[in-house]
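These notes are about the structure you will find just below.
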Protein chains: 2
Amino acid sequence: MKTKKYDELKLHYKIWFTDQNEKGILGDGKWKILKAIDETGSLTSACEKLEITYRRTWNDLKAIEEQLGFALLEKSRGGAEGGSTSLTPEGKKLIRAFDDFHEKMDVIMQQHFTELKKTLISND
Amino acid sequence: MKTKKYDELKLHYKIWFTDQNEKGILGDGKWKILKAIDETGSLTSACEKLEITYRRTWNDLKAIEEQLGFALLEKSRGGAEGGSTSLTPEGKKLIRAFDDFHEKMDVIMQQHFTELKKTLISND
DNA sequence: ATCCGATATGAACAATCAAACATAACCAAT
DNA sequence: ATTGGTTATGTTTGATTGTTCATATCGGAT
């Protein structure tokens with residue numbers, strides 16, 4: 001009975017960065033947004049893709065740039081296309097680093113999680 | 001400037017378990033409560049210690065036991081002491097496993113985080 | 001039998017956070 | 001100068017979640 005329950009357990013985790021004062025800077029949510037912007041070329045389409053609201057997203061992005069003190073985004077308004085948003089080199093570097101971090105953590109976490117489940121299921 | 005900001009970054013993370021249906025079972029919050037109960041011997045004092053409300057905590061604990069389908073807590077009411085709450089062996093085992101998991105992750109995360117910061121600060 | 005301190009539980013209230021709605025500003029292309 | 005699609009922003013509404021308050025239940029010790 002117990003064994004069965006433990007076996008059904010799924011692992012989740014979240015990573016985020018703050019400044020020394022615990023104010024949030026970058027987390028999984030913003031990370032996904034930045035990636036989506038990089039892929040789609042605009043904030044609007046990024047939001048549609050992720051199915052999140054433009055308003056909220058815009059707030060988040062404003063916050064992150066204020067926190068960091070330098071630009072991650074290159075934004076333009078107007079024109080035939082209406083405008084666009086893309087990542088600065090600094091922004092690309094940041095999400096690449098975060099990608100990397102996540103990839104490594106995914107592997108390691110799963111390994112240890114499997115171990116943990118074994119421990120729980122065993123009877124010592 | 002950038003260098004300085006990245007240098008001030010702090011890492012945070014959260015781990016939690018769900019069932020296959022994504023319903024939360026155990027996370028950092030409940031883990032801390034269980035630990036505090038183990039240390040203090042009662043729900044009331046655990047709440048005081050953690051500075052959280054009894055009401056909320058009680059709800060959380062009820063939920064976790066319902067989810068898991070077996071008891072983590074041994075509760076008694078009445079008596080000169082008013083009552084008490086302690087962990088069952090199964091409960092102790094669970095938090096020990098979670099402790100262990102966190103300890104390992106703390107180390108590994110910090111290692112990789114240090115690496116990540118180095119990457120960000122460097123100029124390639 | 002009474003008391004005390006803890007568990008147990010309902011209900012009202014407050015606060016926080018996200019979604020939805022509305023509207024303005026922008027500007028290359030036509 | 002009109003158009004169109006996007007960025008930019010304020011305001012309002014709604015949902016979710018935690019806090020507070022109130023009250024009942026329990027039972028060993030005295």
Side-chain angles (χ1 to χ4, degrees), chain A residues 12 14 16 18 22-67 71-88 91, chain B residues 12 14 16 18 21-68 71-88 91:
Chain A
H12 300 254
K14 255 185 215 286
W16 72 100
T18 68
E22 310 288 299
K23 273 207 99 176
I25 291 187
L26 180 62
D28 291 350
K30 286 167 195 161
W31 170 57
K32 276 181 195 153
I33 294 169
L34 291 174
K35 284 177 69 122
I37 289 173
D38 196 35
E39 288 163 19
T40 63
S42 90
L43 219 183
T44 299
S45 17
C47 290
E48 278 165 12
K49 179 172 180 177
L50 299 180
E51 295 183 319
I52 52 181
T53 65
Y54 181 94
R55 190 66 181 82
R56 172 158 163 43
T57 305
W58 188 89
N59 280 339
D60 284 351
L61 293 176
K62 189 188 173 189
I64 182 179
E65 288 199 328
E66 267 174 18
Q67 286 292 314
L72 298 176
L73 299 170
E74 183 86 36
K75 303 174 219 174
S76 84
R77 295 205 292 181
E81 312 286 302
S84 68
T85 303
S86 60
L87 297 189
T88 62
Chain B
H12 299 254
K14 254 184 216 285
W16 72 100
T18 68
N21 208 29
E22 310 287 299
K23 274 208 98 174
I25 290 188
L26 181 62
D28 290 349
K30 286 167 195 162
W31 170 57
K32 275 181 196 153
I33 294 169
L34 291 174
K35 282 177 69 124
I37 289 174
D38 197 34
E39 288 163 20
T40 63
S42 90
L43 220 183
T44 299
S45 18
C47 291
E48 278 164 12
K49 179 174 181 175
L50 298 180
E51 293 183 322
I52 53 182
T53 64
Y54 180 94
R55 192 67 181 83
R56 171 158 162 44
T57 305
W58 189 88
N59 280 339
D60 284 351
L61 293 176
K62 189 187 173 190
I64 182 180
E65 290 199 325
E66 267 174 18
Q67 287 291 314
L68 274 177
L72 298 176
L73 298 170
E74 182 87 34
K75 303 176 222 171
S76 84
R77 294 206 291 181
E81 311 287 302
S84 69
T85 303
S86 60
L87 298 190
T88 62

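Side chains are part of it too, since the values below use all heavy atoms of this structure and drop only hydrogens, waters and symmetry mates. Only a predicted model underlies this, so the values are computations on that prediction, with no experimental measurement involved. Naming convention: chains lettered A, B, ... in sequence-line order (proteins, then strands); numbering from 1 in each chain.
Within the model, atoms CD1 of A:Ile33 and CD1 of A:Ile52 stand 4.0 Å from one another, a figure rounded to the nearest 0.5 Å. Between atom CD1 of residue A:Ile37 and atom SG of residue A:Cys47 there is a gap of 7.0 Å, rounded to the nearest 0.5 Å. In this structure, CG in B:Leu26 is found 7.5 Å from CG in B:Leu68, a value given to the nearest 0.5 Å.
Scanning residues 74-82 of chain B for heavy-atom distances under 4.0 Å to DNA chain C yields B:Lys75, B:Ser76, B:Arg77, B:Gly78, B:Gly79, B:Glu81, B:Gly82. Using a 4.0 Å cut-off on heavy atoms, the residues of residues 31-50 of chain B that approach DNA chain C are B:Ser42, B:Leu43, B:Thr44, listed by number.
In this structure, A:Tyr54 atom OH and C:dA24 atom P are separated by 16 Å, rounded to whole Å.
The nucleotide range of DNA chain D contacted by chain B, defined by atoms under 4.0 angstrom from heavy atoms of the protein and reported 5' to 3', is D:dG18 to D:dA29.
Screening residues 39-54 of chain B for salt bridge (Lys or Arg N to Asp or Glu O under 4.0 Å) gives B:Glu39-B:Lys49 as the qualifying pairs, with residues at least two apart or on separate chains.
Residues meeting the ring pair (Phe, Tyr, Trp, His ring centres under 6.0 Å) test with B:Trp31, sequence neighbours left out: B:Phe98, B:His102. Every residue two or more places apart in sequence or in another chain was checked for a side-chain contact (heavy atoms from CB on, under 4.5 Å) with B:Arg77, and none qualifies. The side chain to side chain donor-acceptor pair (under 3.5 Å) check on B:Thr88 picks up nothing, with sequence neighbours excluded. In terms of the side-chain contact (heavy atoms from CB on, under 4.5 Å) criterion, residue partners of B:Gln67 (sequence neighbours excluded) are, by chain and number, B:Asp19, B:Lys23, B:Ile25. Among residues two or more places apart in sequence or in another chain, the side chain to side chain donor-acceptor pair (under 3.5 Å) test is passed with B:Ser42 by B:Ser45. Every residue two or more places apart in sequence or in another chain was checked for a side chain to side chain donor-acceptor pair (under 3.5 Å) with B:Glu66, and none qualifies. Checked against side chain to side chain donor-acceptor pair (under 3.5 Å), B:Asp38 has no partners two or more places apart in sequence or in another chain.
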| Which letters describe nucleotides 11-21 of chain C, given B = protein heavy atom under 4.0 Å from base, S = only from sugar-phosphate, - = neither? | -------SSB-
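The pair B:Lys32-B:Asp28 does not meet the salt-bridge criterion, since no charged nitrogen lies less than 4.0 angstrom from a carboxylate oxygen.
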